[in-house]
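Reviewing the structure listed below.
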Amino acid sequence: MVFMGDRATLLETGRFVQRHARNAADEIIEAVGAVDAAVDTTAETDADTETETETEARHRRAAERGDLASMSALGALLLRRGDLDGAEPYLRGATAEGDRAAANNLGVLLHQRGYAEEAAGWWRVAAVAGSAPAAHALGRHHRERGDEPAAEYWLRQAAEQGHALGAYALADLLEHRSDVGAERWLRAAAEQGHREAAYRLALALERRATETTRGPHDTGTRLRVPGTGASATAPAATDAGAAAGARAAGEPGGEPTEAEQWFRQAAARGHRRAALHLGAILEHRGELKEAGRWYLSSAKEGEAKAACALGFLLRDAGDEESAAVWWLRAAQDGDGNAANALGALHAARGEQQTAERWYRAAMDAGDVNGAYNLGLLCAAQDRIPQAEQWYRRAAYAGHREAANALAVLLLQAGDANGAEPWFSKAAEAGSVDAAFNLGILHAGRDDDRTALVWYERAAAAGHTEAALQVGIAALRDGDERTAERHLRCAAGGGSAEAAFRLASVLDARRPDPGPAVLGAPREEKTECEEWYERAAQQGHRRAQVRVGMLAAGRGDLAEADRWYREAAEAGSRNGAFNLGLLLAREGSEREAALWWTRAARAGHGRAALRLALLAARRGELTEGRRWCARAVELGPAEVAERAARLSEALHQELTA
């Protein structure tokens, strides 16, 4: 029988010999020649070694003598060859004599000629006589006509006789109705080697395992897709390539799951999508070499997603040129993910026009990331109107990061009211950057309560800067425990400011170390000092000054000099002042004056007072009074008071 879309359908023989179709795209019936039950053992052995031509001649001679089994077998052989005219008389003759295999195959022949109802009649005859292939064919016939009860009855007859295609077709019908019994029949078909059943069984098992792990309301994507967020100050630079590959069942390094085993069985039988899934599982587990083999196998069979995934494996391995070859193949087959990857590749090389062409190809393939990446490309070239156009297109299609990027553009243009709905839309869709940006937006309106709500939401999703803002708010409210928890998250995420503030919290808890004792062993660095150093190493000037002070307190003047100098050269007035103090103690008063001058000009009152005292000792009374005036101006109060007294003394000296 022939049903368009069947992977393979079997013809029954006199001895019920069955064979699967020879390739995954087979949509024709494969007839299997019957073995003559009346022939003796020697004849059967000879038949095993004879050619098809010899087999046909042998059956033809026997059929002409009226041998029923040979008539059936010859009709099946000619039907398989496509000789319908030659097959029909033999099949009809054998059917008239009650051969059920011939009745089934006659139904196949009539179906191929377009006589579906007459074909169904002969299938019924064969099915009632116990033919599983005929029951399967009859079940498919009824399903195509919308008679599901009849379809289920006949498909179940085939399935219960161990017919793989019948079991698969029954599972498909039950799955369509969301019947839990579908898995049983998928498994039955898969165990008999039906590759599509094995693939679908694997999908069902993986889906169930995923729902058990994440919960029924957790939504996750199976494929990693491109997208780079934007902050409230500027959109991030594009890394618009798509990273392909399904999120695999199981954890990295874990044991193979049952789903994986069925994917492997289907893939080994040439199922290209099963090979894609198997490759993704192996990639997730870190078995990249084997993953690449399965991606390659799937890609060679025409699976564009596998070609795209293979491209990413090759790129990650440093073979960008080979990656581009597979991305090109996938993109030409309509894979938008691969087109985006090609766009990113050319953008990174500065080939903007080619990048734009591939991003447009991705968009034309239905991948909304193409429009988003076009927006990023235009924004990087300061083509703001075009960037806004593409961001809008992607945002209206539901791309959350495009909505966030669009809001950033509007905010930069001064349209906060226009930006807010897009930030909200992106944040509600799960954009962490958008949630943080909403916090910034509300903080700018002095709506700290609403800002904190959005900061907390972004921080809960792992946003470093949001965690810092929540920590700062907790410090302001006196909730040191909450502050420490969020500051640790932000500092661990790389925020220098968070590391400095966390160190300050820990520093405030330290007991007073007391005066240093000459010859005492050097103390180990405390946790707070380690956080100060982490912030200092990231260029945080206040942390650099504090690390310098702690080093000086330990007597490590070289270390103190290094950190003070680094802070001072970066513009820290406190760093410049402390460096001046250190240099003055070491007798380098001239260099100390240079750093104090830099600090005083930057607004450091104590540095101005030091310069005034230095000038007074040198007898430069007018210069001393000038720095006294600057110190009074800058403060703080204690410094201003001392500077005023010194200025008065210098004035008296000048007028004496």
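Heads up: numbering here begins at 1 and tracks the sequence. From a predicted model like this one, the values you see are computed outputs, not experimental measurements.
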Roughly how far, to the nearest 0.5 Å, is the CD atom of Glu465 from the OH atom of Tyr455? 9.5 Å
Aromatic ring proximity Tyr153/His142, centre distance under 6.0 Å: no
Do the side chains of Glu428 and Arg400 get close enough for a salt bridge, i.e. N-O under 4.0 angstrom? no
Flag, side chain of Trp123 to backbone of Ala134, donor-acceptor distance under 3.5 Å: no
Donor-acceptor side-chain pairing of Ser131 and Asn104 below 3.5 angstrom: no
I'd like to know if the side chain of Tyr359 and the backbone of Ala344 have a donor-acceptor N/O pair within less than 3.5 Å. yes
To the nearest 0.5 angstrom, please state how far the CG atom of Leu109 sits from the CZ atom of Arg113. 5.0 Å
Under the rule for salt bridge (Lys or Arg N to Asp or Glu O under 4.0 Å), what residues qualify as partners of Arg143, not counting sequence neighbours? Asp172
Nearest 0.5 Å, what's the CG-OH distance between Leu78 and Tyr90? 7.5 Å
Looking at Ala103, is its backbone amide N or carbonyl O close enough to the side chain of Thr95 to form a donor-acceptor pair, meaning the two atoms are under 3.5 Å apart? yes
Between CZ on residue Arg124 and CG on residue Leu138, distance to nearest 0.5 Å: 5.5 Å
Short question: side chain of Gln161, backbone of Gln157 - any donor-acceptor pair under 3.5 Å? yes
Ignoring hydrogens and geometry beyond distance, is a side-chain donor-acceptor pair present between Asn340 and Asn373 at under 3.5 Å? yes
Is it true that atom CZ of Arg273 has more than 12 heavy atoms of other residues, nucleotides or ligands lying nearer than 6.0 Å? no
Any side-chain donor paired with an acceptor under 3.5 Å for Asn369 and Asp367? yes
Ser298 side chain vs Trp294 backbone, donor-acceptor pair below 3.5 Å: no
Straight-line distance of Arg329 CZ to Lys300 NZ, nearest 0.5 Å: 8.5 Å
Calculate, to the nearest 0.5 Å, the distance between atoms CG and CZ belonging to Leu186 and Arg200 respectively. 6.0 Å
Does atom CZ of Arg393 have more than 12 heavy-atom neighbours from other groups under 6.0 Å away? no
Taking Tyr295 for its side chain and Ala280 for its backbone only, find out whether a donor-acceptor pair lies under 3.5 Å. yes
Output, in order, the C-alpha distance, side-chain angles, deciding distance and verdict of side-chain contact (heavy atoms from CB on, under 4.5 Å) for Arg285 and Glu260. CA-CA 12 Å; Arg285 206 159 59 219; Glu260 178 184 340; 2.6 Å; yes
Side chains of Tyr199 and Gln265, donor plus acceptor under 3.5 Å: no
